[in-house]
Amino acid sequence: MLGKKYRVWKYPTAPTPPPNFQGKTEQIMNTLPAAKLFKEPANWPLMPPWWLLSSTDAAALLNIKPATLHSWRIRGHGPRAYPPMYLRPTQGRPLYYQYGTLRGWAAAALGMGYEIEDQCIDFFHSVFPVLAEGSGTIAGRIRVFEDQFQQDREKVLRGQTGNMIDRGHVHQLDIYRERQPTRIGKAPLIGSI
């Protein structure tokens, strides 16, 4: 027995978390694609909530593959697509998603609420403050914004300054304006689609 080594028994201790340990909230935030957008709000581009994004742009915004977005749509889990009956037919019948619907869906996935009307008011506060405090329906304010944006856009493209919308905002919004599909007739801008 003299040459035999004995092990010393120690009381077990709680395991120490690894250096990159994340709590339960952070784990949830990393597993939900929509959560990443609300973790860093700068990821949401400045864009009117009633404007449309193609399915590939929507998937890129949600940081997922277009096939995943398609699968979610088929199964009824993802954001609601904009009905193609309100758009002029194009080759391939692409799907579009309303920007406000995407943001609302991402907020709902986290248990938050961000209605499209609230998004419109927030957008007006940042781009066209006169409409944020104005009276009237949201649809009426949207029409006023669209008319004013078109006028200011034409002025900025000619090298002049816009009347109501800042030149920087016009340039920022113009990127998405060029990609907007043509709507047919009185297609609903917001509300139940």
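Below, all heavy atoms of this structure are taken into account, side chains as well, without hydrogens, waters or symmetry copies.
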State, to 0.1 Å, how close [X] and [Y] come at their nearest heavy-atom pair, and which atoms those are.
X	Y	result
Leu69	Ala59	CD2-N, 3.9 Å
Leu53	Ala58	CB-N, 4.3 Å
Cys120	Pro49	N-CG, 3.7 Å

Could you state the interatomic distance from [atom1] ([X]) to [atom2] ([Y]), rounded to the nearest 0.5 Å?
X	Y	atom1	atom2	value
Ile165	Lys155	CD1	NZ	11.5 Å
Trp72	His77	CH2	NE2	10.0 Å
Gln151	Asn163	CD	CG	7.0 Å
Asp122	Tyr114	CG	OH	3.5 Å
Leu102	Leu62	CG	CG	5.5 Å
Ile64	Ser71	CD1	OG	9.5 Å

Sub-4.5 Å side-chain heavy-atom contact between Ile175 and Pro45 |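 No, side chains not in contact.
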How about Trp44 and Tyr99: do any of their side-chain heavy atoms sit closer than 4.5 Å?
-> yes
Who pairs with Arg73 by side chain to side chain contact (heavy atoms under 4.5 Å, CB included), at least two apart in sequence or on another chain?
-> His70, Ala81, Leu95, Tyr97
Please identify each residue that fulfils side chain to side chain contact (heavy atoms under 4.5 Å, CB included) with Thr161, with sequence neighbours left out.
->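 Counting only residues at least two positions away or on another chain, Thr161 forms a side chain to side chain contact (heavy atoms under 4.5 Å, CB included) with Arg167.
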Applying side-chain contact (heavy atoms from CB on, under 4.5 Å), run through Val170 and Leu157 and close with a yes or a no.
-> CA-CA 9 Å; Val170 170; Leu157 291 177; over 6 Å; no
Met164-Leu46 co-clustered via ILVMFWY side chain contacts under 4.5 Å | yes
Verify the cluster assignment for Phe124 and Val130: are they in a single hydrophobic cluster under the rule of side-chain heavy atoms below 4.5 Å apart?
->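 In one cluster with Phe124: Val130, yes.
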Modelled atom types, side-chain donor and acceptor of Gln148 and Asp152, under 3.5 Å | yes
Derivation and outcome, salt bridge (Lys or Arg N to Asp or Glu O under 4.0 Å), residues Glu115 and Arg103 | CA-CA 9 Å; Glu115 299 297 324; Arg103 291 183 79 179; over 6 Å; no
Looking at Glu117 and Arg141, does any basic side-chain N land under 4.0 Å from a carboxylate oxygen?
->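 So Glu117 does not pair with Arg141 through a salt bridge.
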Axial cation check for Trp105 ring with Arg80, 6.0 Å and 45° limits =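 Relative to the ring axis of Trp105, which defines the angle, Arg80 lies outside at least one limit.
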Does anything in residues 52-61 pair up under side-chain hydrogen bond (donor to acceptor under 3.5 Å, both in side chains), and if so which pairs, sequence neighbours excluded?
->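 For residues 52-61, and leaving out neighbouring residues, the side-chain hydrogen bond (donor to acceptor under 3.5 Å, both in side chains) pairs sorted by first residue read Ser54-Thr56, Ser54-Asp57, Asp57-Arg179.
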List the steps and the verdict of side-chain contact (heavy atoms from CB on, under 4.5 Å) for Val127 and Gln172.
-> CA-CA 11 Å; Val127 175; Gln172 205 172 4; over 6 Å; no
Return the set of residues passing ring-ring contact (aromatic ring centres under 6.0 Å, His included) with Phe149 (not counting sequence neighbours), or none when no residue passes.
->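 Phe149 satisfies ring-ring contact (aromatic ring centres under 6.0 Å, His included) with Trp51, Phe145 once adjacent residues are dropped.
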Does Glu133 have any salt bridge (Lys or Arg N to Asp or Glu O under 4.0 Å) partners at least two apart in sequence or in another chain, and if so, which?
->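 In terms of salt bridge (Lys or Arg N to Asp or Glu O under 4.0 Å), with neighbours along the sequence ignored, Glu133 is linked to no residue.
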Which residue pairs pass the ring pair (Phe, Tyr, Trp, His ring centres under 6.0 Å) test with at least one member in residues 151-177, sequence neighbours excluded?
->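 Every pair satisfying ring pair (Phe, Tyr, Trp, His ring centres under 6.0 Å) with a residue in residues 151-177: there are none.
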Has the side chain of Gln119 got a donor or acceptor atom that lies under 3.5 Å from a matching backbone atom of Gly100?
->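 Checking the backbone N and O of Gly100 against the side chain of Gln119, a donor-acceptor pair under 3.5 Å is found.
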Are more than 12 heavy atoms from other residues, nucleotides or ligands located less than 6.0 Å from atom CZ of Arg158?
-> yes
